[in-house]
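The structure appears below as structure tokens.
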Amino acid sequence: MTRLSFNQWRNSPDALLQCVFLIHFLFSAWSELGRWSGSALTFQNTFFLLTLLWALHEKRSPTPVIIAMAINLLCIVLDIIVIALFYPKYGNSTSEFSAVMAIFNLILRVVSTIILFKSMDQRDELDGPIPRLPTQTMSTISVSGLPNNQPTNNNE
């Protein structure tokens, strides 16, 4: 088993995605310490973290990164709504701490969206151009269904 040095990890293409996952995991866990938001934050954070894990597993495909970015953009809107509606006005210190961590998680979503966008571009470059199936053009097909360069027998 080979050891991965810090410099090798830092230069790997998935290092930023791994950092995004770990930071969002940490702030998501801290935002769940208080019960002020119910299960609204749990639901959206779980799906975002699962798509990040999927993106880390599928290293070449841009699809999981696109889905993670879309969920992250939706989470920005949902976080704003949840924080505006349920922010603890008269809570204890744990509720206030978890609400502030939810705000930090919301702020970091903007940065993680940019990182996901860059990761999507990198994966598009690795994947190469999209292969296309050969298609026939209308100029090579005649009305009778035979190619134009074949003679037809009109006597039959």
Side-chain angles (χ1 to χ4, degrees), residues 1-138 140-141:
M1 187 165 111
T2 59
R3 287 186 56 196
L4 185 68
S5 71
F6 178 74
N7 285 333
Q8 289 172 330
W9 171 79
R10 190 181 66 186
N11 293 329
S12 73
D14 289 333
L16 279 176
L17 280 182
Q18 292 169 357
C19 288
V20 166
F21 174 80
L22 292 174
I23 290 171
H24 278 291
F25 180 80
L26 180 68
F27 281 109
S28 296
W30 281 343
S31 68
E32 293 295 324
L33 289 176
R35 298 286 173 222
W36 59 274
S37 68
S39 62
L41 292 177
T42 306
F43 181 74
Q44 64 196 37
N45 286 330
T46 300
F47 276 100
F48 176 62
L49 292 172
L50 285 174
T51 55
L52 280 178
L53 286 175
W54 180 31
L56 287 169
H57 177 70
E58 294 287 332
K59 296 189 181 299
R60 293 187 56 91
S61 175
T63 303
V65 178
I66 293 169
I67 293 173
M69 190 170 56
I71 289 175
N72 199 29
L73 289 170
L74 285 173
C75 284
I76 290 172
V77 175
L78 295 174
D79 280 352
I80 291 170
I81 292 170
V82 168
I83 291 170
L85 291 177
F86 299 112
Y87 189 85
K89 294 174 183 68
Y90 305 106
N92 57 15
S93 59
T94 304
S95 294
E96 290 175 358
F97 174 78
S98 68
V100 170
M101 293 303 111
I103 293 170
F104 285 159
N105 197 24
L106 170 63
I107 293 168
L108 287 172
R109 286 192 188 280
V110 176
V111 176
S112 63
T113 301
I114 295 167
I115 292 170
L116 286 168
F117 185 77
K118 289 181 180 179
S119 178
M120 181 187 64
D121 280 346
Q122 287 175 349
R123 290 181 184 209
D124 277 341
E125 290 172 6
L126 286 176
D127 205 26
I130 299 172
R132 306 226 186 260
L133 294 175
T135 58
Q136 290 182 328
T137 60
M138 290 303 290
T140 62
I141 300 174

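The residues of the chain are indexed from 1 along the displayed sequence.
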Can you name the nearest heavy-atom pair linking [X] to [Y], along with the distance?
| X | Y | value |
| --- | --- | --- |
| S98 | W36 | OG-NE1, 2.6 Å |
| S61 | R123 | O-NH1, 3.1 Å |
| S119 | V65 | OG-CG2, 4.1 Å |
| S28 | N45 | OG-CG, 3.3 Å |

Check your understanding: Is any side-chain heavy atom of I23 closer than 4.5 Å to a side-chain heavy atom of V111?
Key -> no

**Study point:** Heavy-atom check, side chain of Q44 versus side chain of I71, under 4.5 Å
**Key:** no

For the atom pair [atom1] ([X]) and [atom2] ([Y]), what is the distance rounded to the nearest 0.5 Å?
| X | Y | atom1 | atom2 | value |
| --- | --- | --- | --- | --- |
| Q122 | M120 | CD | CE | 11.0 Å |
| L41 | L78 | CG | CG | 9.5 Å |
| F117 | L73 | CZ | CG | 11.0 Å |
| T63 | W54 | OG1 | CH2 | 6.5 Å |
| I115 | L108 | CD1 | CG | 9.0 Å |

Review point. Taking atom types as modelled, is there a side-chain donor on S112 or N72 under 3.5 Å from an acceptor on the other?
Key: yes

Practice item. Give the intermediate values and the outcome of side chain to side chain contact (heavy atoms under 4.5 Å, CB included) for residues I66 and L116. Key: CA-CA 8 Å; I66 293 169; L116 286 168; over 6 Å; no

In a table with atom names and distances, give each donor-acceptor pair under 3.5 Å that connects a side chain of residues 46-53 to protein atoms at least two apart or in another chain.
residue, atom, partner, partner atom, Å
T46, OG1, T42, O, 2.6
T51, OG1, F47, O, 3.2
T51, OG1, F48, O, 2.8

Acceptor/donor pairs from residues 80-91 side chains to any protein atom, 3.5 angstrom cut, sequence neighbours excluded:
none

Practice item. For F25, look at atom CZ and say whether over 12 heavy atoms of other residues, nucleotides or ligands are found less than 6.0 Å away. Key: no

Exercise for review: Sequence neighbours left out, what pairs pass salt bridge (charged side-chain N to carboxylate O under 4.0 Å, His left out) with at least one residue falling in residues 74-87?
Suggested key: D79-R109

